[in-house]
Amino acid sequence: MKNKLRVGILGATGMVGQRFISLLENHPWFEVVTVAASERSAGKTYEEAVGGRWKMSTPMPEAVKKLVVLNVNEVEKVASTVDFVFSAVDMTKEEIRAIEDAYAKTETPVVSNNSAHRWTPDVPMVIPEINVDHYEVIKHQRERLGTKKGFVAVKPNCSIQSYAPVLTAWMPFEPYEVVATTYQAISGAGKTFKDWPEMIENVIPYIGGEEEKSEQEPLRIWGHIENGEIVKAQEPKITCQCVRVPVLDGHTAAVFVKFRKNPTKEQLIEAIENYKGFPQEHNLPSAPKQFIKYMTEDNRPQVKLDVDYENGMGITVGRIREDSIYDWKFIGLSHNTVRGAAGGGILSAEALVELGYIEAK
């Protein structure tokens with residue numbers, strides 16, 4: 001790409017906004033030119049606005065330190081400076097839907113990490129390795145919004161990344177019933193141990209709204225477009241429990257699956273190891289070379305050893321074994337703020353550029 005696309009980050013001072021900024025440093029296609037946040041941060045440099053709240057393990061990129069934070073609510077002003085935006089705003093769902101639509105109506109594509117638009121019928125919710133064909137619904141969304149270039153696209157919840165791709169690879173074997181328990185890192189709540197000392201040596205067996213998302217969002221990803229809307233799949237049925245655990249980054253899932261067909265362990269491993277999608281086929285900048293990796297050791301995947309597999313953009317799987325009640329069970333691991341949040345958003349934007357939905361204004 002000759003000239004990098006100009007990118008804005010909405011909600012740039014929060015944890016996901018920070019992750020976007022750290023991952024976009026030296027990106028070959030995108031350059032962060034605008035950071036926007038709440039009114040209280042507006043007018044300060046990004047470095048001043050974040051202050052001592054920089055939560056990434058790598059230093060704040062020099063290129064953003066002196067950018068003056070704009071008021072995210074001054075939509076026209078922010079939109080005039082960029083080709084598209086990543087949205088990680090911290091607002092109510094109604095406010096998020098309104099502000100993301102407002103940006104889209106300025107002919108600015110919005111790639112959102114937020115959940116507010118995940119069930120808007122003509123908004124695509126995409127894992128780029130699985131369902132880039134859902135971007136075709138954008139033309140119907142543009143008709144509703146009255147736009148030529150503007151639209152909203154979202155990525156799914158971080159909790160499903162550790163098992164939905166695996167189940168997708170296994171679709172030829174017709175999985176129809178799934179039980180999943182996710183053990184979720186505290187960064188999924190935008191926290192560090194410094195912010196949330198109560199989580200040290202603790203487990204909390206409840207994360208508000210998470211179980212419904214974990215059960216329903218995969219079905220939307222596996223769905224199809226009908227009459228300008230995405231219709232969710234009916235199977236496999238998923239039931240889920242979500243538990244907060246004392247881990248900084250990395251969501252682990254313990255999953256049990258029933259199949260209509262009877263795959264062997266070797267077939268299951270081969271299916272995930274060979275699974276690839278649009279990002280791999282088009283060699284997108286953020287794409288993991290191998291999306292899903294099977295680990296043969298009994299004690300893997302582990303968060304400490306494996307969460308950064310493929311720079312946090314890959315999924316690791318282990319302990320595929322037969323079950324006495326279900327057919328097969330496995331453990332999956334994904335990086336919740338890279339693949340599950342900002343990194344997944346960046347990969348989505350790359351796919352949208354490759355498909356011609358995002359271009360320079």
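Only this structure's heavy atoms are used, side chains among them; waters, hydrogens and symmetry mates stay out. Predicted, not measured: the structure shown is a model, and the values here were computed from it. Residues: numbered from 1 along the sequence shown.
Within the structure, salt bridge (charged side-chain N to carboxylate O under 4.0 Å, His left out) pairs that include any residue of residues 125-137 comprise E129-R339 (at least two apart or interchain). The ring pair (Phe, Tyr, Trp, His ring centres under 6.0 Å) pairs that include a residue from residues 186-238 number zero, where partners must be two or more places apart or lie in different chains. Within the structure, salt bridge (charged side-chain N to carboxylate O under 4.0 Å, His left out) pairs that include any residue of residues 145-162 comprise K149-E359 (at least two apart or interchain). Listed by first and then second residue, the ring pair (Phe, Tyr, Trp, His ring centres under 6.0 Å) pairs involving residues 64-109 are F20-F86, F30-F84, F84-F86 (not counting sequence neighbours). Counting only residues at least two apart or on different chains, no ring pair (Phe, Tyr, Trp, His ring centres under 6.0 Å) pair has a member in residues 40-77. Judged as a salt bridge (charged side-chain N to carboxylate O under 4.0 Å, His left out), the pairs with a partner in residues 217-232 (not counting sequence neighbours) are, in order, R118-E217.
Not counting sequence neighbours, K194 has no partner by the side-chain hydrogen bond (donor to acceptor under 3.5 Å, both in side chains) test. With sequence neighbours left out, the side-chain hydrogen bond (donor to acceptor under 3.5 Å, both in side chains) criterion links D90 to no other residue. K261 is linked by a salt bridge (Lys or Arg N to Asp or Glu O under 4.0 Å) to E174, counting only residues two or more places apart in sequence or in another chain. Listed by chain and number, the residues in a side-chain hydrogen bond (donor to acceptor under 3.5 Å, both in side chains) with E39 amount to none (sequence neighbours excluded). In terms of the side-chain hydrogen bond (donor to acceptor under 3.5 Å, both in side chains) criterion, Q234 has no residue partners (sequence neighbours excluded). Not counting sequence neighbours, the partners of F278 by the ring pair (Phe, Tyr, Trp, His ring centres under 6.0 Å) test are H282.
Aromatic rings from W170 and Y163 are positioned such that their centres are separated by 6.0 Å or more.
A cation-pi arrangement is present between R260 and Y176 under the rule of less than 6.0 angstrom and at most 45 degrees off the ring axis.
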